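Comments concern the structure below.
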Protein chains: 2
Amino acid sequence: MASHGGRGRSGGRPTLEEVAARAGVGRGTVSRVINGSPRVSDATRAAVEAAVAELGYVPNTAARALAANRTDAIALVVPEPETRFFAEPYFSDMLRGVGAGLAETEMQLLLIFAGSDRERQRLAQYLAAHRVDGVLLVSVHADDPLPDLLAQLEIPAVISGPRSAGETLTSVDSDNYGGGRSAVEHLLSRGRRRIAHITGRLDVYGAQRRVDGYRDALRDAGHEPDELLIEQGDFTEEGGRRAMTTLLGRHADLDAVFAGSDVMAAGARQVLREQGRRIPEDVALVGYDDSAIARHMDPPLTSVRQPIEEMGRAMIDLLLAEVADRRPAASRGLERRQAVLPTELVTRASS
Amino acid sequence: MASHGGRGRSGGRPTLEEVAARAGVGRGTVSRVINGSPRVSDATRAAVEAAVAELGYVPNTAARALAANRTDAIALVVPEPETRFFAEPYFSDMLRGVGAGLAETEMQLLLIFAGSDRERQRLAQYLAAHRVDGVLLVSVHADDPLPDLLAQLEIPAVISGPRSAGETLTSVDSDNYGGGRSAVEHLLSRGRRRIAHITGRLDVYGAQRRVDGYRDALRDAGHEPDELLIEQGDFTEEGGRRAMTTLLGRHADLDAVFAGSDVMAAGARQVLREQGRRIPEDVALVGYDDSAIARHMDPPLTSVRQPIEEMGRAMIDLLLAEVADRRPAASRGLERRQAVLPTELVTRASS
DNA sequence: AGGTACTGTGGGAGCGCTCCCACAAGTGAT
DNA sequence: ATCACTTGTGGGAGCGCTCCCACAGTACCT
């Protein structure tokens, strides 16, 4: 067996130097071949590749990281407890997109949960140590200090839902405004006129934009939006129930509800049923997210689909570009980069 | 802004050397303090800690990894597509246990999916590069080459369900034998006498052990097991249906069924219902895993609970011990290490 | 006084790589 | 012939740490 403890084990993994000796070239040349530099003759490249194969050479990541001052790793930071991460298909979809984009590189993805204070503390240390080349941030609250920390450390980062219209980080978002519009336009086209809206938490920028879309769609159709038809929810089922109850109390004659999430739509549906309103005959219902809930609801729920997987893909592409530039976009004084992906209305029996 | 491109940035992160200068000590002493060596006087230690705090020193992981030949990272390898990982609460529970054990260390956890061939190829490269100090292996099939690769590379590893009675890797398991026994003993105590068993895939060691427990419980109660009451399933709902159908065809008078998983129990339940058997009046039903399915079944399903989170905790504890020894247990010719955690029968209305 | 131990400390050597400078050899314009 | 440039190559320096040897200082035996 190869082992003799401690350092200087000679039977261990081959080094660049050994590959160079075997191929009859210098260290630098091997390095160039390994890293795909074009400034190597074909014959030399072939000789080096043969030596690499014969010796089973695999570069030492730590040495490379030390010398090159990069880690070839990026982190997906989830500022939530792990439980939520697994519960929501959102993350798994996004991860798939990220994974696809990363599969084409040598980069390694780290999944970091920062739900508790303790975990956040650790994360800060982690980032301060520059253990990753870049960071992907998902579901960040408006008052989270993380984006600022990242900016200060000059670590490239991409955020999945901008915190505000003035988001400084490179961001990827779905078209919440357009999503809100399309839901309302759809309801209008179905002949609905008294369309209520249950919003998400309004400290979430995307939820605000959905409201904007709702209002503008009505205005463009010649209906001045009635603020009493808008009620704030909080993305929960219970919040949906509460908002729906309030809305029915104020506007017994409403004929459609656009909920800012499928979960809230589920809550609204319960209240509508309890009060004897038929869906969609009496009240049409539209949700947001096109989650499993929407497909399994009775009746199946019309909902606005966000291209989560594509968003993950866009995030990683933008991040890799910033990492390649070796600095965050913001610190170069360049225009902010952002990608906004289109949503799609999935029509089902509820509307 | 700190940056000037390339190397030798002087405004960058402080190094050990700078901390040493600031504290008025040598490099070695700072290293000793950082790594918690006891061979430092209290006064010196205090001075160094002050300098570390003042400069905001954070060790460079790459340099440490290079010099010390360790990475302070371990991998949780899941030889499944990501989809299954997110779908099954098993993984999330286990991850919680692992996370808890790791929280007390400086170790970093990497989650690696190796569902496709391409991913497995990458994983092999990854391990060959010794990018982690140890590996946690979950849900490995009997014919998987991964354990052997790990052994050959002399990377410490712990596996979550031994592949056979002769498992060479350090392993953690729940007491499948005892779980099988307790299910049967429970049914016997309820007066059932013709107890059938739907097994899991018998190339899974744990499934075999459940059958062993089933047989021995019957024998110990004075009933010679009837092989015609045992039918092989495959852990799927469809497999449960098929096995149940077969069993009813052979033994119309059976009065209890012990299924090797809740999912198979769900399949069995459908067939029982279709054939007009009442649960538990005519046939008592017991499952395995105590999953969400068991709680939500009608009637709620009695099931054998495995302490998944505790298993995760045990895995990480065993792995950290091996990593601290700097070599796998097997390569030291020591006794194999293994932990077997007790199962618990959760009694519900189905039995 | 000498010997033997232990404690605490400094700093050299070296981990395996990348970066970059130096330079040889070739190419083509002047 | 000279100059300027390009292409391909070798190897020194250095990334920031850990390991370990050397050694000063102190303590306690003979």
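These numbers were taken from a predicted model, which means no experiment stands behind them. Per chain, numbering begins at 1; letters A, B, ... match sequence-line order.
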Which one, D/dC20, D/dT18, C/dG8, comes nearest to the side chain of B/R32? D/dC20
So A/I316 and A/L136, side-chain contact (heavy atoms from CB on, under 4.5 Å) or not? Walk me through it. CA-CA 8 Å; A/I316 195 67; A/L136 251 27; 4.0 Å; yes
For atom CZ of A/R131 and atom C1' of D/dC17, their distance in whole Å: 14 Å
Hey, does the side-chain of A/R39 have a donor or acceptor N/O within less than 3.5 Å of a partner on the base of D/dT9? no
When the axes are fitted on five pairs at both termini, how much does the helix from C/dA1-D/dT30 to C/dT30-D/dA1 curve, in 10° steps? 50°
Which part of the nucleic acid, if any, lies within contact of B/T61, taking any heavy atom under 4.0 Å across all strands shown: a base, the sugar-phosphate backbone alone, or nothing? nothing
Please determine if a side-chain N or O atom of A/T29 lies less than 4.0 Å away from the OP1 or OP2 oxygen of D/dT9. no
Verify the contact: side-chain N or O of B/N35 to OP1 or OP2 of D/dT18, cut-off strictly under 4.0 Å; return yes or no. yes
To check you understand the geometry: which heavy-atom pair defines the closest contact between B/V33 and B/R45, and what is its length? CG2-CA, 4.1 Å
Please report, rounded to the nearest Å, how far the C1' atom of C/dG16 is from the CG atom of B/N69. 11 Å
Would you say the side chains of B/E82 and A/S92 form a donor-acceptor pair under 3.5 Å? no
Stepwise salt bridge (charged side-chain N to carboxylate O under 4.0 Å, His left out) check, B/E104 with B/R313: CA-CA 12 Å; B/E104 299 155 14; B/R313 180 59 193 246; 3.3 Å; yes
Audit row: A/R337, A/D325, salt bridge (charged side-chain N to carboxylate O under 4.0 Å, His left out) steps and yes/no: CA-CA 13 Å; A/R337 301 202 218 187; A/D325 288 348; 3.3 Å; yes
Give the C-alpha distance, both sets of side-chain angles, the deciding distance and a yes or no for salt bridge (charged side-chain N to carboxylate O under 4.0 Å, His left out) between B/R120 and B/D117. CA-CA 5 Å; B/R120 297 184 76 93; B/D117 274 351; 5.3 Å; no
D/dG16 P sits how many Å from B/I34 CD1, rounded? 15 Å
For B/S139 and B/E80, does a side-chain donor sit closer than 3.5 Å to a side-chain acceptor? yes
Has A/S41 got a side-chain N or O lying under 4.0 Å from the OP1 or OP2 atom of D/dT9? yes
Report yes if at least one side-chain N or O of A/S31 is closer than 4.0 Å to OP1 or OP2 of C/dC19; otherwise report no. no
Calculate the interatomic distance between A/R70 atom CZ and C/dG16 atom C1'; express it in whole Å. 14 Å
Identify which nucleotide among C/dC19, D/dG10, D/dC19 has an atom closest to any side-chain atom of A/V25, counting heavy atoms from C-beta outward. D/dG10
Could you state the atom-to-atom distance from CZ of B/R27 to P of C/dG12 in whole Å? 8 Å
Considering only C/dT18, D/dG16, D/dC19, which nucleotide approaches the side chain of A/A68 most closely? C/dT18
Return the value, rounded to whole Å, for the distance between atom CG of A/D42 and atom P of D/dT7. 14 Å
Separation of atom CG in B/L16 from atom P in D/dT18, rounded to whole Å: 6 Å
Hey, is the side chain of A/R13 pairing donor to acceptor with the base of C/dG16 inside 3.5 Å? no
Round to a whole Å and report the spacing from CZ of A/R64 to P of D/dG16. 18 Å
Regarding C/dG8, can its base be found pairing with the side chain of B/R45 as donor and acceptor, where the two atoms are less than 3.5 Å apart? no
Does A/R22 come within less than 4.0 Å of A/E54, counting only side-chain N to carboxylate O? yes
